[in-house]
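Here the structure is laid out as structure tokens; the discussion comes afterwards.
A note on names: the letters A, B, ... follow the listed sequences, proteins ahead of strands, and every chain is numbered from 1. All figures in this text were calculated on a predicted structure; none of them were measured in a lab.
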Number of protein chains: 2
Amino acid sequence: MIKLLIYEDNPQLREGLTMLLNGSDGFEVLASFKNCSNVLQELRIYKPDVILMDIDMPGSDGIEGLKQIRLVDNEVKILMLTVFDDNKNVFEAISNGANGYVLKKTPPAKLIEYIQEANSGGAPMTSSIATQVLKMFSSLHSEKGENYNLSEREKQVLHLLVNGYSYKMISAEMFIAIDTVRSHIKKIYEKLHVNSKSEAVAKAFKDRIV
Amino acid sequence: MIKLLIYEDNPQLREGLTMLLNGSDGFEVLASFKNCSNVLQELRIYKPDVILMDIDMPGSDGIEGLKQIRLVDNEVKILMLTVFDDNKNVFEAISNGANGYVLKKTPPAKLIEYIQEANSGGAPMTSSIATQVLKMFSSLHSEKGENYNLSEREKQVLHLLVNGYSYKMISAEMFIAIDTVRSHIKKIYEKLHVNSKSEAVAKAFKDRIV
DNA sequence: CTAAAATACGCATAAATATGCGATAGGGCG
DNA sequence: CGCCCTATCGCATATTTATGCGTATTTTAG
């Protein structure tokens, strides 16, 4: 019997998880909470095997809770739940001793598998997370990311975009018509597989093409 | 149909894998080889989707093969197979662009799952490997930049912005009116001293507030 | 040489964003 | 109790962005 604690601010999801797990053989949800303000106390009282910890909670967030727990307990397995597979949180979580990191959209059957895996000493990750982790690793050694075959001019435009330039400013800076700026940006979007300026900027940072 | 190449020096295992996969729906083993001396040629001829690459092969070993392939092809998925979950090889493999890293003792059903995962862009790892990876990561550390005194809600909004969400999508995701999203974003811009979405995104990356 | 990119530009239009000027409600604090 | 902050929402409007559909010249790769 795997004993669980759940920390999740969204009431629906909290209830859903609790019901799912209590209804599954070999699982017992001891309690669930909407934030981790009293996580240490609760840990002492319930002595769970595995903790499901939402990352994006108001007040004391999941990373904070994780840190607190790891100050006093290195045994309990902590599985982080999140809607995002972004770099920062993954890194923070695993640097601070999380045992796994899974997306909330993970189907129930998978989630159950992951919990079992965490409980038996594994490190379950949804594949997009694992990919992130591998990317981070690769980036430690290989200096440059994808190139996306951006042309020189396109790289210049993207560079200016990343530095907060509007189309008008780019047009002025590069001595080309604003419509030409549009053309370039459209091409850039195609190549990066995005469709907004901020997505392009984000991608530029993530893939280090800046 | 996932098309596979197999590199494995042990004849029994090589045959076993081939039979297993050819006997499974949706898989086709194009060919299998006992070492990767001619990997580039074979890659060109067969154009596989996924390559199963044993690490511990005599002559040209799996890491060597991996490196060669990645010089000319960043698309094909490469799943490393090994008996050991030792640090050195894991690190080498993932630094050189392997898509996954699984132990040979992985049960067939799991292996099939992993291959599918690799094929669809994931990064399958057996849990002991994943644990290794996390441990390596934990040894690193980084600290945090400015906070800009963003409120909880503002951080959530910024987070979504960084992930390419439009106002409308944020409104849906957070269950608030689009005008409220506007309010938050205006406040965020003030606090970050910017005045466009892409600038905010850029700043979020630069200052690691994401 | 020829085909394919890259570069440059124009026009039109729908959607998204930025901004200003409001309002209401709850929580924390001296 | 007022005062400030956060969070919520509404309306109006100007600007910016995204996109489609064109044309034309130059450079590059096969």
Response to the item:
What one should report as the nearest heavy-atom pair of B/I176 and B/S171 is O-OG, 3.0 Å

Worksheet item: Which of the following nucleotides, D/dT8, C/dT19, C/dC9, is nearest to the side chain of B/R153?
Response: D/dT8

Discussion item. Any salt bridge linking A/K104 with A/D54? Criterion: basic side-chain nitrogen under 4.0 Å from a carboxylate oxygen.
Written reply: yes

Worksheet item: Judged by modelled atom types alone, do B/E15 and B/T18 share a side-chain donor-acceptor pair under 3.5 Å?
Response: no

Worksheet item: Do A/K191 and A/E154 meet the salt-bridge criterion of a basic N to acidic O distance under 4.0 Å?
Response: yes

Worksheet entry | A/K187 vs C/dA6: side-chain N/O to OP1/OP2 distance below 4.0 Å | yes

Practice prompt. Classify the side-chain pair B/Y7/B/E42 by whether it contains a donor and acceptor separated by less than 3.5 Å.
Written response: yes

Practice prompt. Ignoring the backbone of B/Y189, work out which of C/dT19, C/dT7, D/dT6 is nearest its side chain.
Written response: C/dT19

Item to complete: Tell me yes or no: between the side chains of B/Q41 and B/R44, is some donor less than 3.5 Å from an acceptor?
Response: no

Worksheet item: Does A/R182 place a side-chain N or O at less than 4.0 Å from the phosphate oxygens OP1/OP2 of D/dG20?
Response: no

Practice prompt. For B/N149 and D/dC5, give me the distance from atom CG to atom C1', rounded to whole Å.
Written response: 12 Å

Practice prompt. Could you tell me the separation between the CD atom of A/E199 and the C1' atom of D/dT17, rounded to a whole number of Å?
Written response: 13 Å

Fill in: Presence of B/K186 side-chain N/O under 4.0 Å of C/dT19 phosphate oxygens OP1/OP2
no

Worksheet item: CG of B/L161 versus P of C/dT17: gap in Å, rounded?
Response: 8 Å

Worksheet entry | DNA chain C contacts made by residues 164-181 of chain A, counting heavy atoms under 4.0 Å | A/I176, A/A177, A/D179, A/T180

Worksheet entry | Atom-pair distance (CG on B/L192; C1' on C/dA18), nearest Å | 15 Å

Discussion item. So, under a plain 3.5 Å distance rule, would you say the side chain of A/S183 forms a donor-acceptor pair with the base of C/dC9?
Written reply: yes

Item to complete: Specify the separation, in whole Å, of atom CD of B/E190 and atom P of C/dG20.
Response: 9 Å

Item to complete: Report yes if the side chains of A/I55 and A/Y101 come closer than 4.5 Å at any heavy-atom pair, otherwise no.
Response: yes

Worksheet item: Above 12 or not: heavy atoms from other molecules or residues under 6.0 Å from NZ of A/K110?
Response: yes

Practice prompt. Can you tell me the distance, in whole Å, between the CD1 atom of B/I185 and the C1' atom of D/dT6?
Written response: 16 Å

Worksheet item: Across the strands shown, which category fits B/S196 at heavy-atom distances under 4.0 angstrom: base, sugar-phosphate, nothing?
Response: sugar-phosphate

Fill in: Phosphate OP1/OP2 of C/dA6 contacted by A/H184 side-chain N/O (<4.0 Å)
no

Discussion item. Expressed as a whole number of angstroms, how long is the span from A/Q156:CD to C/dT7:C1'?
Written reply: 11 Å

Discussion item. Just verifying a value: how many Å separate B/L40 CG and B/I45 CD1, rounded to the nearest 0.5 Å?
Written reply: 11.0 Å

Practice prompt. Go along nucleotides 23-30 of chain D 5' to 3' and tag each nucleotide: B for a protein heavy atom under 4.0 Å from its base, S when only backbone or sugar atoms are that close, - otherwise.
Written response: --------

Discussion item. Return whichever of B/S151 or A/K197 has its heavy-atom-nearest nucleotide of DNA chain D closer to the 5' end.
Written reply: B/S151

Item to complete: Please say which of A/L21, A/V29, A/V102, A/I78 ends up in a side-chain contact (heavy atoms from CB on, under 4.5 Å) with A/L52.
Response: A/L21

